Amino acid sequence: MSTSQRFGSAAVEHAEAVLVEQYPRLVRLAYLTLPDTLGRHPRVLLAHKAVQRALPRPGTPTAPAPADAGTDETDRHLTLVRSRVLRATLAPSGTAGGTWARIGRPPVPPFVWGLRLWPPAGGIDEAARTLSGAPAPVRAAFVLHHLDELTQDETVRLLGRAGAADPAGALRDALALPVAEELLRALRRPEFDASVVSARPTDLLRRRRRARACWAGLATLALTLTVLSVGSPSPDPDVRPAAGPAAAGALDPSRLQRVPSDAWSDTARVDFTAWPARGGRTGDRDLLARALGTWAAPGTTRVTAAPGTTAEPPPRPPQLLYAGDVDGRTVVLLHDGDRVVRYGETGPGSGARTLDVTRTDEAGVTTAAALTLSRAPGGASARYLLAPWIATAATRDLTRSGDTARTLPFAADGVTAPAPVPPAAAPAAGAPCASWPVIELTSSTRIVEKHSFVLTDLGALSPVHLTYTPLPDGPAAAPARQPREATGPEARAAWAPLACRLGELRSGAYKAVNVWDFAAAQLPDGAGRAVWSCTRASGWAGPGDVTVRLRLEAGTPQDVTRARSTAACGRFGQHLLAGFRWRSPAGRWYLLAAGSRQVTGITATGTVRAGSSERTLAAPWSGPDGAVSLTGTLAGGGTLTALDGDRGGRD
């Protein structure tokens, strides 16, 4: 017979009183802890669901009272309710998976068809964007410590009760997040109550038309099934109609969205939504039906989805970007708001179909400037479809800083001539990297004056935007320098020795790569001047992968450290400290370290004990290998640990 303690009716009533009183805070905790890959509507619903299911039923086994809850009954029950909310929302990080699977089921009635919910503008959503990419335990620690004002010890203990794998590490990463005090103050104000939501219906007329189209589609489907039942052959066995009400409208070629040809020059939103439908086959209904049908039910079609991208059918009629014949192959490009899909076929009756899907949410004037239409056999060249706001195009070799731009012609519909692309495979060990072709595009003066930028092909449907951030200029108090286009002499000189390392990024879904020169110093033993740089490859989902390198006056740049899925070296990770063991040309070993703009001193402990009152450090490293810890002092107060595989961060 079980002897475990269980919730009595009085305890449940106490927990309910605490839940009602603290409901907005609990919803805020759940909303910000849930996966940031969810849309705002399901995230709001699941946050409320997690909080409401945190109320235990009478007879539910209860864990021992936490040691940090004190003797106050309210504190004790608040801790228990918080723990149950966290157990439900931390599950995507690998804990309590069954709990999250239960709250992740579709919401129960009351339910209004087409009604969408989201938090008010600003506040909670701004915090969600700031925390984007951070693991769920880190987001939870941020809310508990910064917003619910739990102490660090209380936060660690509560995360541990909720099943987080590394509560102390989650708190450490949460404290390292560069969050503005203004945002924290805003989140504590009543008007940013996370339990207050805006409710709006989707387009009512469109839904009414969809309903009529749905009934018509079902009638047509019934007739088709009747015909098939008496032996009529299918004209295209690889393309099967998708059943369901959504398919009736979303997969109807006549309902594809088409943008006017001059919309791009009269809008403040210069992205894929401003692309007109181009190509010689935009009126080919059969082709468009095959493309939409293949997207809904690929069958034997080869489907390639970029990492972090779903290939599921569109929820509403997508936008037509292109339909035409390119180099003996027919291509259709579609955009559904967050994704671009490329459908390709060699003939309507053949099985040589392909479907490529990539994520493109929050694209802009540069990241929505081109899409890859086709590649030559062998992959030596590619044709691109350029955005309507591109005035001129050229190609360059990124490995040669002084390379002259060569004009890349393109037709009136935006299709370029074949352009050289980087090699698909990395060169063999020790083999030189001959070149790294890029395209340089210039926007029309109708939207911006004298704006040129550089894109590179990493094998994906969407080329990657390259930028450069120069060395700090002025005192630590000066504003941080912003990334600039990789078109000037200084940017090309910085990119030249790093260009071929872009091949390491082929397997990721990246939208932009920036090289940030954050420090420079003279090396020991007369080795010359070296520049410390951080290369950040930013993904469409928000987090990025970074590599810190030491760029010498001659020779190959040396890797210092790497980190994945981090905010470091970006807008929300502007403080950086890195170091490594380096061998000089004279054969002596040194500890080299450098910090970013606001680092005013560096201290090394462990195998090497040294200090510097500047942003760089060079100290002799004698004896065998050993562990070294680096700490940087920041001009505005606080300290910084070195970036490593655990990402480092502000203490």
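Because the structure is a prediction, the values reported are computed rather than measured.
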Does Arg501 reach the side chain of Asp559, with side-chain heavy atoms less than 4.5 Å apart?
yes
Looking at Asp457 and Arg506, does any basic side-chain N land under 4.0 Å from a carboxylate oxygen? no
Subject >> Sub-4.5 Å side-chain heavy-atom contact between Leu455 and Val464 >> reply: no
Practice item. Would you check if Leu385 and Val331 make a side-chain contact, meaning some heavy-atom pair closer than 4.5 Å? Key: no
*asked:* As a quick check of understanding, evaluate salt bridge (charged side-chain N to carboxylate O under 4.0 Å, His left out) for Arg383 and Asp327, giving each step before the final call.
replied: CA-CA 9 Å; Arg383 291 183 188 267; Asp327 296 331; 2.8 Å; yes
Donor + acceptor pair across side chains of Tyr343, Asp356 (<3.5 Å) | no
*asked:* Just so I know, are the side chains of Leu334 and Leu321 near enough to count as touching, which here means a heavy-atom distance under 4.5 Å?
replied: no
Asp403/Arg400 ion pair, N-O < 4.0 Å: yes
Note: Thr367 and Ser462 closest approach over all heavy atoms is O-OG, 3.9 Å
For Trp264 and Thr267, the nearest pair of non-hydrogen atoms, with its separation, is O-CG2, 3.6 Å
Flag the pair Leu256 / Pro318 as yes when at least one side-chain heavy-atom distance between them is below 4.5 Å, and no otherwise. yes
Are a donor atom and an acceptor atom from the side chains of Thr360 and Asp338 found within less than 3.5 Å of each other?
no
Exercise. Do Thr392 and Thr442 get their side chains close enough for a donor-acceptor pair, meaning under 3.5 Å?
Worked result: yes
For Ser374, does its backbone N or O pair with a side-chain atom of Arg342 as donor and acceptor, under 3.5 Å? no
Side chain to side chain donor-acceptor pair (under 3.5 Å) filter on Thr456, not counting sequence neighbours, yields Trp436
For Pro557, the side chain to side chain contact (heavy atoms under 4.5 Å, CB included) test, sequence neighbours excluded, returns Pro497, Leu498, Arg549, Arg551
Output for pair (Leu461 CG, Leu333 CG), nearest 0.5 Å, gives 6.5 Å
Q. Will you find, in the side chains of Gln257 and His335, an N or O donor that is under 3.5 Å from an N or O acceptor?
A. no
Test: Arg329 and Glu345 ion pair at under 4.0 Å
no
Exactly one of Asp325, Asp286, Asp413 clears salt bridge (charged side-chain N to carboxylate O under 4.0 Å, His left out) with Arg281, and that residue is Asp325
Item to check | No-hydrogen, no-angle side-chain donor-acceptor test under 3.5 Å, Thr487 and Arg396 | outcome: no
Practice problem: Examine the side chains of Ser265 and Arg446 and answer whether a donor and an acceptor come within less than 3.5 Å of each other. | Solution: yes
Do Thr366 and His465 pair up side chain to side chain, a donor and an acceptor below 3.5 Å, judged on atom types alone? yes
Have Arg536 and Ser538 got a donor and an acceptor in their side chains that come within less than 3.5 Å?
yes
Pro260 vs Pro276 side-chain heavy atoms within contact, under 4.5 Å
no
Audit row: Glu312, Arg339, salt bridge (charged side-chain N to carboxylate O under 4.0 Å, His left out) steps and yes/no
CA-CA 10 Å; Glu312 65 184 13; Arg339 299 170 297 171; 5.3 Å; no
